[in-house]
Number of protein chains: 2
Amino acid sequence: MAVAGAVVKVYGSAVSPFVATVLVCLEEAGAAYELVPVDMAARENTAPHHLARNPFGKIPAFEDGELMLFESRAISRHVLRKHYKNGGGGDLLREGDPEGAAMVDVWLEVEAHQYEPAVAEIVRHCVILPMIGAGAARDQLVVDASAGKLRAVLAAYEARLREHEYLAGGDGDDAGVSLADLAHFGFTHYLMATEYAALVEERPAVAAWWRRIAARPVAALMSWPPPPS
Amino acid sequence: MAVAGAVVKVYGSAVSPFVATVLVCLEEAGAAYELVPVDMAARENTAPHHLARNPFGKIPAFEDGELMLFESRAISRHVLRKHYKNGGGGDLLREGDPEGAAMVDVWLEVEAHQYEPAVAEIVRHCVILPMIGAGAARDQLVVDASAGKLRAVLAAYEARLREHEYLAGGDGDDAGVSLADLAHFGFTHYLMATEYAALVEERPAVAAWWRRIAARPVAALMSWPPPPS
């Protein structure tokens, strides 16, 4: 829940899929936070006060008392680890179970190195650039190449999700959602507003998995603007 | 140490920087392992028996009894977590210390999303393609663009490493090397065999950090072929 005077601060714009991942984790953990805008259009992210938060000039950056963090997946791990220890949110990292933790790690890396590279250019050309008013026409060759990659990645997801309700799998108490699933939220939320939503919808297990992610309370609480329809 | 009949198996070729990262972690943990070659030239990585290990057809894949893993950084976490718990190797993930673990996570993400994208094309064009006999001439425009990115990334590293001996920083017992540093081994080992080694050498704190990484026992034990000089 975003509140004034909260302990932790997220620096960035909720419109960024990377910031969205962090917000999703904070909401999932039931944590209080303050979202502090960074004016990307004015290149505030390259100003000294932001570089002091993240020397690579990216969003989000994150402040938890004395601890300054950046990189969305690292912030997400911290948020979930801290709050689960204190009774907030579920066991979304499975750090108490070496095999469970390893499977969360594997599928979080898959999200970072297989899924995101395939989906990012579709979202950039079909949603983000039009949303921020960048005038360039959509580069359909780039979008087509990404759609081809995404189709191959989702074929592997379909096989996985036919066997497991969530990507990291597991049995019994570990069978549920994990950070590996939540990390898909930002980009997939936008993808589903484009005609390439069909790539998800045409695969029954992937489509059902996405409906489960999108139905979590976190999604309804997201304050970012809806993408153009 | 690579031994016959070892419990865990690494599938891949040591020449891959991603496989190298896993081997570095196994050596650091003092773990026994078997390296099982995957013939990339014959596209064995796309054969059904390899896709059963990694549905995305990449190397390395990893087998630890019933547990099958892939994605080099996830395998590395598993190896270090398991062996540290059993008294092998150092505390390279700092999972017992929430702040320490968060800083390891941050700089491991930096390696994945800032350093690797900057260095990978230099290594591919200047080392890997010539090494595997791919005939295409080096694309100097691509290499120049990557060198520009790498220069900017290393400027941030220099500032960080002027203040801390290793990337994840920390105090006291947590001041040492972590997975965030070791994950740089594969690509940097090759980079240092090119004229772009100067980008490291011209920054005193980065150069000293790299000498500390390269001097660890793991480096001497690496069985991959030396890059062309």
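Lettering of chains follows the sequences in order, A, B, ..., and the numbering in each one begins at 1.
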Asks: Which atoms of Val104(A) are under 4.5 Å from chain B, going by heavy atoms: the side chain, the backbone, both sets, or neither?
Replies: neither
Asks: Is it the side chain or the backbone of Ala155(A) that comes within 4.5 Å of chain B heavy atoms, both, or neither?
Replies: neither
Asks: Please classify the contact between Phe56(B) and chain A as side chain, backbone, both or neither, with a heavy-atom cut-off of under 4.5 Å.
Replies: side chain
Asks: Please flag which part of Ala152(B) lies under 4.5 Å from any non-hydrogen atom of chain A: side chain, backbone, both or neither.
Replies: neither
Asks: Under 6.0 Å from the CZ atom of Arg43(B), do we count more than 12 heavy atoms belonging to anything else shown?
Replies: no
Asks: Which heavy-atom pair separates Val106(A) from Glu71(B) by the least distance, and what is that distance?
Replies: O-CG, 4.0 Å
Asks: Is the His113(B) ring parallel, tilted or perpendicular to the His113(A) ring (thresholds 30°, 60°)?
Replies: parallel
Asks: So which of Glu95(B), Arg77(B), Glu99(B), His78(B) has the biggest tally of heavy-atom pairs under 4.5 Å with chain A?
Replies: Arg77(B)
Asks: If I compare all heavy atoms of Leu69(A) with all of Ala102(B), which pair ends up nearest, and what's the gap?
Replies: CD2-CB, 3.9 Å
Asks: Give me the atom names and distance for the closest heavy-atom approach of Pro98(B) to Lys85(A).
Replies: CG-NZ, 3.6 Å
Asks: Could you walk me through whether Gln114(B) and Lys58(A) pass the side chain to side chain contact (heavy atoms under 4.5 Å, CB included) check?
Replies: CA-CA 10 Å; Gln114(B) 311 299 329; Lys58(A) 304 282 167 69; 3.2 Å; yes
Asks: Looking at every non-hydrogen atom in both residues, tell me the closest pair between Met103(B) and Met68(A) and how far apart they are.
Replies: SD-O, 4.2 Å
